[in-house]
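Numbers restart at 1 for each chain; the letters A, B, ... are given by sequence-line order, proteins then strands. Scope of the values below: all heavy atoms of this structure, side chains included, with no hydrogens, waters or symmetry mates.
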2 protein chains.
Amino acid sequence: MPKDTLPGLTACNYAMLRRATRKLGQFYDDVQAPSGLKATQQGLLYQIHIGNEPAMGAIAAALVMDLSALGHTLKPLIRDGYVETFADPDDRRIKRVRLTRQGRIKLDEAMKLWQLAQQRFEDVVGKEKAERLRAVLDDISALDFDLPPAT
Amino acid sequence: MPKDTLPGLTACNYAMLRRATRKLGQFYDDVQAPSGLKATQQGLLYQIHIGNEPAMGAIAAALVMDLSALGHTLKPLIRDGYVETFADPDDRRIKRVRLTRQGRIKLDEAMKLWQLAQQRFEDVVGKEKAERLRAVLDDISALDFDLPPAT
DNA sequence: CGTTGAAAGTGGTATATGCCACTAAATCAA
DNA sequence: TTGATTTAGTGGCATATACCACTTTCAACG
């Protein structure tokens, strides 16, 4: 197959997803920059906020994120005083997470910027289309790709 | 607003995109693991392959990726002998990139695994739906989110 | 009770990405 | 031609993520 007719990356679902994620990351991060939080951090603070002092594992599961990755990602937020952790009294293996007062304030601040970015995105893409996109992405996050056992 | 009715992360386009990307990354990486390449690396090799000894900047633009990020990402591939670079003779600022022989062989190997992952994804999600998804993501990567100048 | 195995996190290592400051090279002006 | 500007990359630093090997706790069982 001559190079000219080779399919581009557009054929790969994962490559497309990554590329769009980079694009949106640059945009959301840019809008949220004044808060000093990356969009990822704002999302994580929000996830903690809406949880009930969630356990690390619960957060990781909700975000479809590796537990250790979550631990690493949490560190700057703890260092900066936005988040604190404490052992679950009933099961000391479990570490629970909550926002500090500063964290709540910072999240409020970041959410205002988030709304700007979100609004702008929907203005450009279209509200309906954005909603459908999120629905598809939500589905994908919940999928089970296990190959059927070769029995 | 009581916590019970707070919108989850599902409202955020970027958060959904990231979460789905993590999910797919785990899946594609897992399938492609036997090749020793991450799915991101396979995608990058492919992008180089279909280009005509592309310049770094051209690759970065095609992937909507920061130029310095591309430089960093390229390093392990150069180290492992899959990719090599050379200065453009007509403009010594420009660094061009190409696959080595080993790189072409490795890419072939990885592409076979990629097809498995891709096929499996489309079996689970549906070919049509996957195609629409990619189209939307492709659109997003090309958008211009600049706020209209406040003149 | 102990032993044993599962569950929850931690730390190390590696890749993925982005921003910023800086250098080198080419272009544009005066 | 020379000085200012723009273009293309590099390197340093920071965050985002993943996997793996460990450690600590629990829970289950004999």
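Rounded to a whole Å, the CG atom of A:Leu63 is 9 Å from the P atom of D:dT17. In this structure, the CG atom of B:Leu74 is 9 Å from the P atom of D:dT10, given to the nearest Å. Separating the CZ atom of B:Phe86 from the P atom of D:dG9 is a distance of 12 Å, rounded to the nearest angstrom. What separates CZ of A:Arg79 from C1' of D:dC13 is a distance of 12 Å, to the nearest Å. The nearest whole Å value for the distance from the CD atom in B:Gln41 to the P atom in C:dA14 is 13 Å. Distance CG (B:Leu44) to P (C:dT15): 13 Å, rounded to an integer number of Å. Rounded to whole Å, the distance from CZ on A:Arg19 to P on C:dA16 is 18 Å. For B:Tyr28 and D:dA18, the OH to C1' distance is 18 Å, given to the nearest whole Å.
Taking the charged nitrogens against the carboxylate oxygens, A:Arg19 and B:Asp138 do have a contact shorter than 4.0 Å, which makes a salt bridge. With respect to the salt-bridge test (charged N to carboxylate O, under 4.0 angstrom), the residues B:Asp80 and B:Lys106 do not qualify.
The side chain of B:Met65 has C:dG18 as its nearest neighbour among C:dA16, C:dG18, D:dA18. Here the nucleotide nearest the side chain of B:Ser68, chosen from C:dC19, C:dT15, D:dA16, is C:dC19. For B:Asp91, counting side-chain heavy atoms from C-beta on, the closest listed nucleotide (D:dG9, C:dA26, D:dA16) is C:dA26. When each of C:dG18, D:dA8, D:dT17 is scored by its nearest atom to the side-chain atoms of B:Asp66, the top-ranked nucleotide is C:dG18. When distances run from any side-chain atom of A:Ala55 to the nucleotides D:dA18, C:dG9, D:dG9, the shortest one goes to C:dG9. Nearest nucleotide to the side chain of B:Lys75, out of D:dA16, C:dG18, D:dG11: D:dG11.
Backbone-only contact: A:Gly57 has heavy atoms under 4.0 Å from sugar-phosphate atoms and none from a base. Within 4.0 Å (heavy atoms only), B:Ile94 reaches sugar-phosphate atoms of the nucleic acid but no base atom.
The shortest side-chain heavy-atom distance between B:Phe27 and A:Tyr14 does not fall under the 4.5 Å cut-off. For the pair B:Asn13/A:Glu122, a side-chain contact is recorded, criterion being any heavy-atom separation below 4.5 Å from C-beta on.
Toward the 5′ end of DNA chain D lies the nearest nucleotide of A:Val64, the other residue of the pair A:Val64 and A:Pro89 mapping further downstream. Both B:Lys38 and A:Asp29 lie close to DNA chain C; mapped to their nearest nucleotides by heavy-atom distance, the more 5′-ward contact belongs to B:Lys38. With the nearest nucleotide of DNA chain D identified for both B:Lys95 and B:Arg22, B:Lys95 has the one nearer the 5' end.
Between B:Gln41 and B:Pro76, the closest heavy-atom pair is NE2-CB, 4.2 Å.
At a cut-off of 3.5 angstrom, the base of C:dG9 holds no donor-acceptor pair with the side chain of A:His72. For A:Arg93 and D:dT24, a side-chain-to-base donor-acceptor distance below 3.5 Å is absent, hydrogens and geometry of angles not being considered.
Checking the phosphate oxygens (OP1, OP2) of C:dT15, no side-chain nitrogen or oxygen of B:Thr73 falls inside 4.0 Å. For B:Arg92, a side-chain nitrogen or oxygen approaches OP1 or OP2 of C:dA26 to under 4.0 Å.
Cation-pi geometry between A:Arg98 and A:Phe86 is met: the NZ or CZ atom falls under 6.0 Å from the ring centre, inside 45° of the normal.
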